[in-house]
Number of protein chains: 2
Amino acid sequence: MICNSYKSFFKILADDCKLNVINILSKGPLTVSELCKKLECEQSRISHCLQALKKFGFVASQVKGKHRVYSLEPKIMVPLLKLIDEHVEKYHRNLCKCNGVTWREMK
Amino acid sequence: MICNSYKSFFKILADDCKLNVINILSKGPLTVSELCKKLECEQSRISHCLQALKKFGFVASQVKGKHRVYSLEPKIMVPLLKLIDEHVEKYHRNLCKCNGVTWREMK
DNA sequence: CTCTTATATGAATTACATATCATATGAACC
DNA sequence: GGTTCATATGATATGTAATTCATATAAGAG
């Protein structure tokens, strides 16, 4: 096991903003400004997230005039999300207690 | 998508110590003190990691006298690690740059 | 029931990623 | 080339989780 690669893999995805981007892109490709509008989120924040996701192969991008269209890489994301769904369903109670609550408070 | 559950899922696993524990447990069950020795790691640190992993269903434990034996939950971990291996192999170069280097430095 | 070994828990500090703000690049249109 | 719109990048501040150290619990041995 290449431990640091695993860590990077998980770290990138352990973030609300990036997960929201992934979620919304799973419904179809969007430009940066469209993502900002739909997620009611700052442009620079979205861009930072997209760069990280792209660097690690979770999304792809394509220039289209002034705009840049981002799309999910389904090969990794579809089976990954499916797998987690199954686990999340089982451990929903524990996993959900993290909602806006710090790790320590939830104990 | 239950975003916060996903976030929790990834956050737990985005950690060297927990990943080392998972890696070593994938070779077979061990007690806390055995894990400490093999990983050359403090006992309290290992225990904290194990509690987190257990709470979210990644490992199970069993009392055995004074000791407590921990083992992987293979149903989730085996397919998860397999999936990531495939992705990691493809994006190894990017994923590896994180080795002991902060996110900012690696750019 | 005391002592030792094994593990868990709590609190405080440290470390690190993200959010934010300011600014840079880049493309189209004039 | 200058202007405007779209996106990317950089630096710092902020927030949160991990590490650490001290201590608590728990189980077996004597």
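Since we're looking at a predicted model, the values are computed, not measured. Throughout, a chain's letter reflects where its sequence line sits, starting with A, and its residues are numbered from 1.
- Listed in residue order, the members of residues 25-39 of chain B having a heavy atom less than 4.0 Å from DNA chain C are B/Thr31, B/Val32, B/Ser33.
- Side-chain atoms of A/Ile84 and B/Ile76, non-hydrogen and from C-beta on, never get closer than 4.5 Å to each other.
- When rounded to the nearest whole Å, the span between CD of A/Gln51 and P of C/dT25 equals 15 Å.
- Taking atom CG of residue B/Asp16 and atom P of nucleotide D/dT20, one finds them 12 Å apart after rounding to whole Å.
- The distance from atom CG of A/Asn23 to atom CG of A/Leu81, rounded to the nearest 0.5 Å, is 8.5 Å.
- The nearest heavy atom of DNA chain C to A/Ala14 and to B/Ser61 marks one nucleotide each, and the one closer to the 5' end goes with B/Ser61.
- Residue A/Lys18 places at least one side-chain N or O closer than 4.0 Å to OP1 or OP2 of C/dT18.
- Within the model, atoms NZ of B/Lys82 and NE2 of B/His87 stand 15.0 Å from one another, a figure rounded to the nearest 0.5 Å.
- In this structure, B/Tyr70 does not reach the C/dA6 phosphate: none of its side-chain N or O atoms is under 4.0 Å from OP1 or OP2.
- Taking atom CZ of residue B/Phe10 and atom P of nucleotide C/dT18, one finds them 14 Å apart after rounding to whole Å.
- One interatomic measurement links the two molecules: CD1 of B/Ile46 to C1' of C/dT9, which rounds to 16 Å at whole-angstrom precision.
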Under 3.5 Å, side-chain donor or acceptor atoms of residues 57-72 of chain B against the rest of the protein: list the pairs with distances, not counting sequence neighbours.
residue, atom, partner, partner atom, Å
B/Ser61, OG, B/Lys54, NZ, 2.9
B/Ser61, OG, B/Arg68, NH1, 3.4
B/Tyr70, OH, B/Gln51, NE2, 3.3

For nucleotides 21-30 of chain D, which of its nitrogen or oxygen atoms have a protein nitrogen or oxygen under 3.5 Å away, and what is each distance?
residue, atom, partner, partner atom, Å
D/dC21, N4, B/Ser44, OG, 3.0

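- A 4.5 Å side-chain heavy-atom check between A/Phe9 and A/Leu80 finds at least one atom pair inside the cut-off.
- Across C/dA19, D/dT19, C/dA8, the shortest atom-to-atom separation from the side chain of B/Arg68 is found for C/dA8.
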Can you give the donor-acceptor pairs under 3.5 Å from side chains of residues 29-43 of chain B to other protein atoms, not counting sequence neighbours?
residue, atom, partner, partner atom, Å
B/Thr31, OG1, B/Ser33, OG, 3.3
B/Thr31, OG1, B/Glu34, N, 3.2
B/Thr31, OG1, B/Glu34, OE1, 3.3
B/Glu34, OE1, B/Thr31, N, 2.8
B/Gln43, NE2, B/Ser47, OG, 3.1

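- For the pair B/Gln62 CD and C/dT7 P, the interatomic distance rounds to 14 Å; values are reported in whole Å.
- Residues satisfying the salt bridge (charged side-chain N to carboxylate O under 4.0 Å, His left out) criterion with B/Glu73, sequence neighbours excluded, are absent altogether.
- The salt bridge (charged side-chain N to carboxylate O under 4.0 Å, His left out) search around B/Lys27 returns none, not counting sequence neighbours.
- Atoms NE2 (B/His67) and P (C/dA8) sit 12 Å apart, rounded to a whole Å.
- Regarding A/Leu50, its CG atom lies at a distance of 10 Å from the C1' atom of D/dA8, rounded to whole Å.
- If you run side-chain hydrogen bond (donor to acceptor under 3.5 Å, both in side chains) between B/Lys7 and each of A/Asn20, A/Asp15, A/Asp16, only A/Asp16 comes through.
- Once rounded to the nearest 0.5 Å, the distance linking CG of B/Leu50 with CG of B/Leu25 reads 7.0 Å.
- Using a 3.5 Å distance cut-off with no hydrogens or angles, the side chains of A/Tyr6 and B/Asp85 do pair a donor with an acceptor.
- Atom NZ in B/Lys11 sits roughly 14 Å away from atom P in D/dG15 (whole-Å rounding).
- The NZ atom of A/Lys18 sits 8.0 Å away from the CG atom of A/Leu13 when rounded to the nearest 0.5 Å.
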* Asked: Could you write out DNA chain D as a dot-bracket string, with dots for unpaired bases, | for bases paired across to another strand, and Watson-Crick or G-U pairs counted at under 3.5 Å?
  -> ||||||||||||||||||||||||||||||

